[in-house]
Amino acid sequence: MDTVRIAVVGAGVMGLSTAVCISNMVPGCSITVISDKFTPETTSDVAAGMLIPPTYPDTPIQKQKQWFKDTFDHLFAIVNSAEAEDAGVIMVSGWQIFRSIPTEEVPYWADVVLGFRKMTKDELKKFPQHVFGHAFTTLKCEGPAYLPWLQKRVKGSRGLILTQRIEDLWELHPSFDIVVNCSGLGSRQLAGDSKIFPVRGQVLKVQAPWVKHFIRDSSGLTYIYPGVSNVTLGGTRQKGDWNLSPDAEISKEILSRCCALEPSLRGAYDLREKVGLRPSRPGVRLEKELLAQGSRRLPVVHHYGHGSGGIAMHWGTALEATRLVNECVQVLRTPAPKSKL
Amino acid sequence: MMRVVVIGAGVIGLSTALCIHERYRSVLQSLEVMVYADRFTPLTTTDVAAGLWQPYLSEPSNPQEANWNQQTFNYLLSLIGSPNAANMGLALVSGYNLFREAVPDPYWKDIVLGFRKLTVRELDMFPDYSYGWFNTSLILEGRKYLQWLTERLTERGVKFFLRKVESFQEVAREGADVIINCTGVWAGALQPDPLLQPGRGQIIKVDAPWLKHFIITHDPERGIYKSPYIIPGLQATTLGGIFQLGNWSETNNIPDHNTIWEGCCRLEPTLKDAKIIGEWSGFRPVRPQVRLEREQLCFGSSNTEGMFPTQGSNQHLLHWQADSLLLNHLRSLCPGWLYLNK
């Protein structure tokens, strides 16, 4: 059986976790991760990494729930192991608060997180502008630790990691048999996908170690996410904005919104501004495509477009991407005259 | 001129001094409040405590203590929304109480926030335990709080004196009208109290910023605080599990260190990577009931009122309320104060 040569384009959370999944689940492959950017310079490094999933309008709820559950279970196993600190995964409890009672009082992911319940009246007193809330315990998975941890796993399974900017997926032919495209916003060019667009997010990473709970306004615009060594304060959702430079006015405004929810943040110190561009799409693109040019064929598995739900959904979608890769491998290994893709 | 002398500068002494000054400064013509202590922060028992608000599981023999606990919690909770909360050493913290078998809910379940039982998935995280609670409570970190109280008292002109008081008489002779004995575990030196004993504790403080929850285990056979506990503070995390009644040794010892370390690492394996910041021993001032009462002391021709708040290991919990009771006592004294002048 010949080794199937797989190239994974992109080294954010999608590229690296897919590479690890493939090495775990698909026998007889060699894996090469190719990217122009690596941690700590990827979008995944800016993300707070809270496991509170968004809702993708174009994806059936059951599927989203499965992706979230797979990711939660995977990270929950890590957080309960001695690897937790290396992998940058922690447990954190807190509240999601609403200014008006939502039509759906219990979200689809309520039984995936731990201890989900509605906030009591006494708990809501802390947030006088809000009338309803969820209290639960979830996980936080931090890019700057998780990505290096994944990279170690890739190398541990004899995967290669290459720094290179790919301008066209055909560059990977014929050196590779299958391409897994995890290039996020890069797919606008690499896959000619006009459905993917940036949603700019600016955050402040601050020192406020006394903050032990997350607080998220249900709009998703204002949030306080305590992490291992800093607290992420956010944020913004600026559609179509590609600007990666922080805006000082926006930083002031974020701090002000967060202090309204947690006044002790006035004492936060060592404030650092960060910007990330969420790779947004009406639905995650998770499908096979057979590129054809003349007599050349290049099977591609697309795995990108998670928007604000990258960390929250990554393992579930990586598992599905791996199944698709496996299908491609089976086709390559089937001694049939024509490919059925 | 009314002179009130508070003996002791732990959480009870300093909060009592502040309470009295806040309530009576405007009422009394001239009120002088002084604090005498032979130990100030960071050398008090309060400085060693993790500072988590959580009473004992069983109801106190004096029901008034339950009220004090509640009032203290509510008072601190009202300060949580202040921008100064962290400067005071105050923060909300959630976490787990773990048991090996089902137990009745504690009497304080409606005082803390969001009290509930643990779900099966949560219990799976703790293989040695089969039952438990989750709730949100408060941390009031001793050192920061004492620093904050000291600043507030200093602003108000309250003076501090480093001295070892040998007797109430010496203090009365210097002109004290009211003496408040907040000497904690050492109260017996000023007035014998066979009910008061040290509940020696030893704790290890580590740097483990990834831990956001407290975890307190319970072993009814061994007794309270003899089972591992992990309590994250505002910066460092406290590891403990030692409670030795009658042990006056103020030095850390290795067997206790090992008990704490092994117990806590078993509970939370990631602690193996935690850096140890320091280790301390302290004496919980244990008593079957908090002593809060007044006593008239007669030294020669002068009368002095003594007041004695001393309590068990949950001193943080009770302090604010012990003070209110104190103030009720003082209030009732007011008409009689005229004849108290020496």
Side-chain angles (χ1 to χ4, degrees), chain A residues 72-73 76 78-95 111-128 133 135-137 140 142 145 207-215 226-230 259-268, chain B residues 74 77-96 110-127 133-139 141 144 207-214 232-237 265 268-274:
Chain A
F72 195 95
D73 290 345
F76 192 51
I78 293 175
V79 89
N80 285 314
S81 76
E83 300 268 358
E85 208 214 333
D86 285 338
V89 186
I90 65 170
M91 277 187 39
V92 57
S93 299
W95 309 283
D111 57 356
V112 177
V113 297
L114 297 170
F116 182 95
R117 60 174 171 80
K118 298 194 196 139
M119 285 170 74
T120 64
K121 270 211 299 261
D122 282 335
E123 289 176 308
L124 279 165
K125 283 188 193 151
K126 185 169 149 56
F127 308 108
F136 54 95
T137 302
K140 186 177 194 286
E142 301 188 345
Q207 291 302 304
W210 58 87
V211 176
K212 308 288 183 196
H213 297 88
F214 69 81
I215 303 171
V228 177
S229 51
N230 57 40
C259 285
L261 294 182
E262 178 56 65
S264 70
L265 283 171
R266 305 250 177 87
Chain B
N74 290 340
L77 191 63
S78 73
L79 296 175
I80 275 288
S82 148
N84 280 319
N87 294 335
M88 283 175 67
L90 187 60
L92 284 175
V93 66
S94 295
Y96 306 88
D110 294 323
I111 301 177
V112 293
L113 299 173
F115 179 93
R116 63 172 173 83
K117 316 267 205 301
L118 291 179
T119 63
V120 171
R121 284 168 72 210
E122 289 173 309
L123 286 166
D124 282 343
M125 296 193 285
F126 308 108
W133 308 324
F134 186 92
N135 64 266
T136 301
S137 184
L138 295 161
I139 284 273
E141 227 171 51
K144 264 225 124 43
D207 194 27
W210 59 89
L211 294 180
K212 308 293 181 193
H213 299 91
F214 62 80
L234 270 56
Q235 309 253 34
T237 298
C265 283
E268 179 56 62
T270 58
L271 283 171
K272 67 170 175 35
D273 293 323

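The shown structure was predicted, so the numbers you read here are calculated from the model rather than taken from an experiment.
- When the salt bridge (Lys or Arg N to Asp or Glu O under 4.0 Å) test is applied to A/E123, the partners found at least two apart in sequence or on another chain are A/R117.
- When heavy atoms are compared at a cutoff of 4.5 Å, A/S229 does not approach chain B at all.
- Without hydrogens or angle criteria, A/R266 side chain to B/S82 main chain gives no donor-acceptor distance under 3.5 Å.
- Atom OG in A/S264 sits 12.5 Å away from atom CG in B/L79 (nearest 0.5 Å).
- Residues satisfying the side chain to side chain donor-acceptor pair (under 3.5 Å) test with A/D86, not counting sequence neighbours, are none.
- Both the backbone and the side chain of A/A82 come within less than 4.5 Å of a heavy atom in chain B.
- When the candidates B/A85, B/P232, B/G114 are compared by the number of heavy-atom contacts under 4.5 Å with chain A, B/G114 comes out ahead.
- From A/W210, atom CH2 reaches atom CD of B/E141 across 12.0 Å, with rounding to the nearest 0.5 Å.
- In terms of heavy-atom pairs under 4.5 Å with chain A, the best-connected choice from B/P269, B/P209, B/A91 is B/P209.
- Between B/L77 and A/K125, the closest side-chain pair of non-hydrogen atoms is not below 4.5 Å.
- The parts of B/R121 that come within reach of chain A are both its backbone and its side chain, each placing non-hydrogen atoms under 4.5 angstrom from that chain.
- Contacts of A/T137 with chain B are made by side-chain atoms alone, with heavy-atom separations under 4.5 Å and no backbone atom involved.
- Across all non-hydrogen atoms, the minimal contact from B/Q235 to A/P209 is OE1-CG, 3.3 Å.
- Within the model, atoms CG of A/D122 and CD1 of B/I111 stand 11.0 Å from one another, a figure rounded to the nearest 0.5 Å.
- Each of B/L113, B/L211, B/I139, B/L90 has some count of heavy-atom pairs under 4.5 Å with chain A, and the biggest count is that of B/L113.
- Listed for the A/K212 side chain is a donor-acceptor partner under 3.5 Å among the backbone atoms of B/G233.
- For A/D111, the part lying near chain B is the backbone, with the side chain staying farther off; criterion is any non-hydrogen pair under 4.5 Å.
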